[in-house]
Amino acid sequence: MKIFFIWFTILLAGCISSIPIVSEIDISKAQVQWNGVTLEQLRSDRELYIVKCSGCHSLYKPDQYSDAEWNSILPTMNIKSKLSSVESEQIKRYLSLYSMK
Ligand code: HEC
C-alpha cells in the first residue's frame, strides 16, 4: 500500500512538472501582450489550469497546440469545466504564454 502511494505520488508529480512553471524570465514576454500582468497572476493562471482542466483527462502541454488551435478547443472545454469568463481568460492567457505560436 505504501509502495503504491509513493509510486502514485511520483507519477502525479511527473505529470504536473511537464506543465511549465511561470518564471521571472517569462514576465517581460508576457507583459508585451498583457500590460502590467504580474508573476503572481500568471502563477495563479497556471494553478487554475491544473485544477480545472485535469478532471477528465491528463493535462495537455501548452506547446502541444498553437494559439489558433487552443482558441478553437477552449470554448468547448470551458463549458465542460464550467468556467466563468474571468477564469477562461486566465487559462487562455497561461496556455498562450507557452503555446506553439
Ligand atoms: C468534463 C470533462 C472535461 C473537462 C473538465 C475538460 N475536458 Fe478537455 N476533453 C474532454 C473530452 C471528453 C475530450 C475528448 C473529446 C472532445 O474533444 O470533446 C477532451 C479533449 C481535450 C483536448 C484535445 C482536443 C483535440 O482536439 O485534440 C484538449 C486540448 C483539452 N480537452 C483541453 C482541456 C482544457 C484546457 C480544459 C480546461 C479548461 C479541459 N480540457 C477540461 C473532457 C473534459
Side-chain angles (χ1 to χ4, degrees):
M1 185 62 202
K2 206 171 179 181
I3 297 286
F4 175 76
F5 184 73
I6 293 167
W7 172 80
F8 184 75
T9 308
I10 292 169
L11 196 75
L12 192 71
C15 293
I16 292 177
S17 68
S18 68
I19 304 302
I21 297 169
V22 185
S23 74
E24 300 281 355
I25 307 158
D26 306 316
I27 291 297
S28 52
K29 192 176 108 187
Q31 284 179 340
V32 174
Q33 201 169 345
W34 302 281
N35 195 17
V37 73
T38 65
L39 185 62
E40 288 67 32
Q41 283 172 326
L42 292 167
R43 285 193 171 157
S44 79
D45 295 350
R46 177 180 180 271
E47 294 302 315
L48 203 62
Y49 173 59
I50 293 170
V51 171
K52 298 284 184 177
C53 303
S54 64
C56 303
H57 45 68
S58 50
L59 289 167
Y60 291 80
K61 289 187 193 177
D63 67 1
Q64 252 172 284
Y65 297 99
S66 66
D67 277 351
E69 286 168 323
W70 278 120
N71 287 340
S72 75
I73 294 166
L74 285 174
T76 317
M77 294 303 145
N78 291 344
I79 294 167
K80 288 189 193 286
S81 309
K82 303 184 174 68
L83 301 183
S84 69
S85 56
V86 174
E87 289 171 329
S88 66
E89 282 306 310
Q90 281 184 269
I91 290 176
K92 189 169 144 181
R93 180 167 64 185
Y94 171 72
L95 292 170
S96 171
L97 187 57
Y98 298 104
S99 70
M100 201 190 279
K101 296 297 170 231

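In what follows, every heavy atom counts, from backbone to side chain, and hydrogens, waters and symmetry copies are set aside. Counting starts at 1 for both ligands and their atoms, in listed order.
- The shortest separation from a heavy atom of Leu74 to ligand 1 is under 4.0 Å, placing the residue in contact.
- Heavy-atom contacts of Ile73 reach the following atoms of ligand 1: 28 (C), 29 (C) (cutoff under 4.0 Å).
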Test Tyr94 against Leu42 for side-chain contact (heavy atoms from CB on, under 4.5 Å), laying out the working first. CA-CA 7 Å; Tyr94 171 72; Leu42 292 167; over 6 Å; no
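- For atom 34 (C) of ligand 1, the closest non-hydrogen atom on the protein side is Cys53 SG, 3.4 Å.
- Within ligand 1, the atoms closer than 4.0 Å to a non-hydrogen atom of Trp70 are 29 (C), 35 (C), numbered from 1 in the order shown.
- When only interatomic distances are considered, the shortest N/O to N/O separation between Ser81 and ligand 1 does not fall below 3.5 Å.
- Between Tyr60 and Tyr65, the ring planes are tilted. Angles from 30° to 60° get that label.
- Looking from atom 21 (C) of ligand 1 to the surrounding protein, the closest heavy atom is Met77 CE, 3.4 Å.
- Linking Ile, Leu, Val, Met, Phe, Trp and Tyr residues whenever their side-chain heavy atoms come within less than 4.5 Å places Val37 and Leu39 in a single cluster.
- Looking at ligand 1, you won't find any N or O of Tyr49 less than 3.5 Å from one of its N or O atoms.
- Note that CZ of Arg93 is 11.5 Å distant from CG of Leu95, once rounded to the nearest 0.5 Å.
- Among protein heavy atoms, atom 27 (O) of ligand 1 sits closest to Tyr65 OH, 3.1 Å.
- Cys53 pairs in a side-chain contact (heavy atoms from CB on, under 4.5 Å) with only one of the listed residues (Leu74, Asn78, Leu48, Ile91), which is Ile91.
- Distances from atom 12 (C) of ligand 1 to the heavy atoms of Gln90, Lys80, Glu69, Lys82 put Lys80 nearest.
- There is no protein heavy atom closer than 4.0 angstrom to atom 14 (C) of ligand 1.
- The closest approach between any non-hydrogen atom of Thr76 and ligand 1 is not below 4.0 Å.
- Here His57 reaches atom 8 (Fe) of ligand 1: one of its N/O/S atoms is less than 2.8 Å from the metal.
- Side-chain contact between Gln64 and Ser99 is absent, with no heavy atoms from C-beta onward closer than 4.5 Å.
- Minimum heavy-atom separation, Trp70 to Lys61: CZ2-O, 3.8 Å.
- Scanning the protein for heavy atoms near atom 4 (C) of ligand 1, the closest one is Cys56 SG, 3.4 Å.
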Begin from the C-alpha positions of Lys52 and Glu87 and carry the test side-chain contact (heavy atoms from CB on, under 4.5 Å) through to its verdict. CA-CA 9 Å; Lys52 298 284 184 177; Glu87 289 171 329; 3.7 Å; yes
